[in-house]
Novice: 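Sharing a structure, written as structure tokens. Questions coming.
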Amino acid sequence: MARQEKEYRRLPGRGFRKRSLLEVSRTLCSLWLGQDHLLNIDSMGGYSEDYKRFYYRDIQALIIRKTTTGRTINLVLASFAALFILAGLPYPVMVWRVFWFFMAGMILTFLLINWARGPTCVCHLRTAVQTEELPSLNRLPTARKALRLLVPRVEAAQGSLAAEEV
């Protein structure tokens with residue numbers, strides 16, 4: 001029996017779509033590669049899903065823009081960790097000092113996780129009709145990995161552009 005290829009392949013990355021400030025449920029977004037299209041799935045709390053298809057022949061651009069959100073989060077986390085370390089220094093009682101250092105350690109753990117995930121970015125997919133934000137590609141390494149998987153499929157559907165045509 002011949003091995004059958006899966007219909008969809010999940011692209012790396014997962015992110016939340018920002019709908020409004022006072023949001024009751026969050027919308028989790030993911031991207032899937034199909035045979036002739038890219039599928040964007042917005043899942044709202046497990047009870048509703050929205051699907052958008054972007055055919056490879058219709059994709060005009062995938063725009064990735066680096067943001068400073070990750071750096072700002074790291075700065076805030078480092079500031080809180082420093083405050084907790086400074087708060088624990090004057091206590092002669094070991095219990096309070098351990099508490100403040102433990103809190104600083106927890107915040108430093110989150111800082112290291114955020115730093116290890118890489119810089120943040122915003123990614124948009126452009127067609128002739130619309131420009132759609134892709135929240136699942138919210139980190140630069142993830143977006144580059146997805147781009148490496150997506151570009152060959154778009155070029156196969158549209159053909160590649162020669163350097164002198166650019």
Side-chain angles (χ1 to χ4, degrees), residues 1-81 103 105-161 166:
M1 188 163 32
R3 188 172 169 205
Q4 191 175 8
E5 187 180 333
K6 291 181 182 178
E7 190 174 347
Y8 287 102
R9 179 178 175 196
R10 189 170 194 276
L11 279 176
R14 199 181 300 182
F16 292 102
R17 185 172 300 279
K18 299 174 189 99
R19 298 230 184 241
S20 67
L21 187 61
L22 300 172
E23 196 170 349
V24 176
S25 66
R26 300 186 76 175
T27 304
L28 184 64
C29 303
S30 61
L31 287 174
W32 298 77
L33 290 174
Q35 296 296 329
D36 63 343
H37 64 277
L38 179 69
L39 183 66
N40 183 28
I41 301 176
D42 289 353
S43 178
M44 292 167 260
Y47 59 86
S48 175
E49 288 184 343
D50 288 332
Y51 298 91
K52 284 189 181 177
R53 286 187 180 166
F54 303 100
Y55 289 94
Y56 299 136
R57 66 179 183 270
D58 297 334
I59 296 175
Q60 293 180 346
L62 189 67
I63 304 156
I64 301 170
R65 181 176 49 90
K66 188 175 175 183
T67 62
T68 60
T69 305
R71 191 178 316 152
T72 304
I73 291 171
N74 284 344
L75 184 64
V76 169
L77 289 174
S79 300
F80 275 115
M103 294 299 288
M106 292 292 294
I107 290 175
L108 286 172
T109 303
F110 290 127
L111 182 133
L112 285 175
I113 290 170
N114 190 45
W115 175 78
R117 289 183 66 200
T120 56
C121 69
V122 175
C123 188
H124 290 86
L125 186 135
R126 180 172 204 126
T127 64
V129 181
Q130 66 181 343
T131 300
E132 179 75 20
E133 183 180 354
L134 303 174
S136 60
L137 303 179
N138 56 8
R139 295 286 177 159
L140 205 51
T142 305
R144 287 180 178 154
K145 197 181 301 182
L147 193 62
R148 281 193 298 270
L149 294 171
L150 184 60
V151 166
R153 293 176 185 248
V154 173
E155 284 181 350
Q158 297 179 4
S160 59
L161 192 61
V166 175

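Basis for what follows: all heavy atoms, side chains included, without hydrogens, waters or symmetry-related copies.
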Novice: Measure across G15 and N138 and return the closest heavy-atom pair with its distance rounded to 0.1 Å.
Specialist: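 Looks like CA-ND2, 4.0 Å.
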Novice: Got a donor-acceptor contact below 3.5 angstrom from the S79 side chain to the L75 backbone?
Specialist: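 Side chain of S79 to backbone of L75: a pair is present.
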Novice: Side chains of S136 and S30: do they bring a donor and an acceptor to under 3.5 Å?
Specialist: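 On atom types as modelled, these side chains do not qualify, holding no pair under 3.5 Å.
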Novice: Working to the nearest 0.5 angstrom, can you tell me the gap between R17 CZ and C29 SG?
Specialist: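 Going from the CZ atom of R17 to the SG atom of C29 covers 4.0 Å.
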Novice: Distance from N74 atom CG to T120 atom OG1, nearest 0.5 Å?
Specialist: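 Here the rounded value is 9.5 Å.
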Novice: Contact between V122 and H124 at the side-chain level, heavy atoms closer than 4.5 Å - yes or no?
Specialist: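 Yes, close enough: below the 4.5 Å cut-off.
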Novice: Are L11 and L149 close enough, and set up right, to give a side-chain contact (heavy atoms from CB on, under 4.5 Å), and what steps lead you there?
Specialist: CA-CA 8 Å; L11 279 176; L149 294 171; 3.6 Å; yes
Novice: Are the side chains of I64 and L137 in touch, meaning some heavy atoms are under 4.5 Å apart?
Specialist: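 Sidechains of L137 and I64: no contact.
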Novice: Between R139 and N114, is there a side-chain donor-acceptor contact under 3.5 Å, judged purely by atom types and distance?
Specialist: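 Result is yes, a qualifying pair exists.
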Novice: Can you name the closest pair of heavy atoms from Q158 and Y56 and give their distance?
Specialist: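 Heavy-atom minimum between the residues: NE2-O, 2.8 Å.
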Novice: Any sub-3.5 Å donor-acceptor pair from T68's side-chain atoms to R71's backbone N or O?
Specialist: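 Checked: no pair found.
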Novice: Taking CZ in F110 as the centre, count heavy atoms belonging to other residues, nucleotides or ligands within less than 6.0 Å. Is the count above 12?
Specialist: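 Not more than 12 within 6.0 Å, no.
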Novice: How many angstroms lie between atom CG of D58 and atom CG of D36, to the nearest 0.5 angstrom?
Specialist: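 It comes to 10.0 Å.
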Novice: Quick check on the 6.0 Å ring-centre criterion: do Y8 and H37 meet it?
Specialist: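 Here the rings of H37 and Y8 have centres that are less than 6.0 Å from each other.
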Novice: I need the I63 CD1 to C121 SG distance, nearest 0.5 Å.
Specialist: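 One gets 12.5 Å once the value is rounded to the nearest 0.5 Å.
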Novice: If I take atom CD1 from residue I113 and atom CG from residue L111, how far apart are they, to the nearest 0.5 angstrom?
Specialist: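 CG of L111 is found 9.5 Å from CD1 of I113.
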Novice: Determine whether I59 and R126 satisfy the following criterion, side-chain contact (heavy atoms from CB on, under 4.5 Å), listing intermediate values before the conclusion.
Specialist: CA-CA 6 Å; I59 296 175; R126 180 172 204 126; over 6 Å; no
Novice: Answer yes or no: is there a side-chain heavy-atom contact under 4.5 Å between L39 and K52?
Specialist: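 Side-chain contact under 4.5 Å: no.
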Novice: Indicate yes or no for a side-chain donor-acceptor contact from E133 to the backbone of L125 under 3.5 Å, with no hydrogens or angles considered.
Specialist: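 Absent.
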Novice: side-chain contact (heavy atoms from CB on, under 4.5 Å), that's the test. Do R9 and W32 meet it? Break it down for me.
Specialist: CA-CA 5 Å; R9 179 178 175 196; W32 298 77; 5.9 Å; no
Novice: Centre of F16's six-membered ring, under 6.0 Å away, within 45 degrees of the axis: is that where NZ or CZ of R26 sits?
Specialist: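 Yes, R26 lies over the aromatic ring of F16.
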Novice: Within the structure provided, determine whether P12 and P141 are in side-chain contact (heavy-atom separation under 4.5 Å).
Specialist: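 Counting from C-beta outward, P12 and P141 never come under 4.5 Å.
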Novice: Quick check on R10: does its CZ atom have over 12 non-hydrogen neighbours (other residues, nucleotides or ligands) under 6.0 Å away?
Specialist: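 Yes, enclosed.
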Novice: Check step by step if side-chain contact (heavy atoms from CB on, under 4.5 Å) holds for L62 and L147.
Specialist: CA-CA 8 Å; L62 189 67; L147 193 62; 3.1 Å; yes
Novice: To the nearest 0.5 Å, how far apart are OG1 in T131 and CD in Q60?
Specialist: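 T131 OG1 to Q60 CD: 8.5 Å, rounded to 0.5 Å.
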Novice: Looking at T27, L28, I41, D42, which one forms a side chain to side chain contact (heavy atoms under 4.5 Å, CB included) with E49?
Specialist: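 So the option named by the test is I41.
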Novice: Does the side chain of E132 come within less than 4.5 Å of N40's, by heavy atoms?
Specialist: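 Contact flag for N40/E132 side chains = yes.
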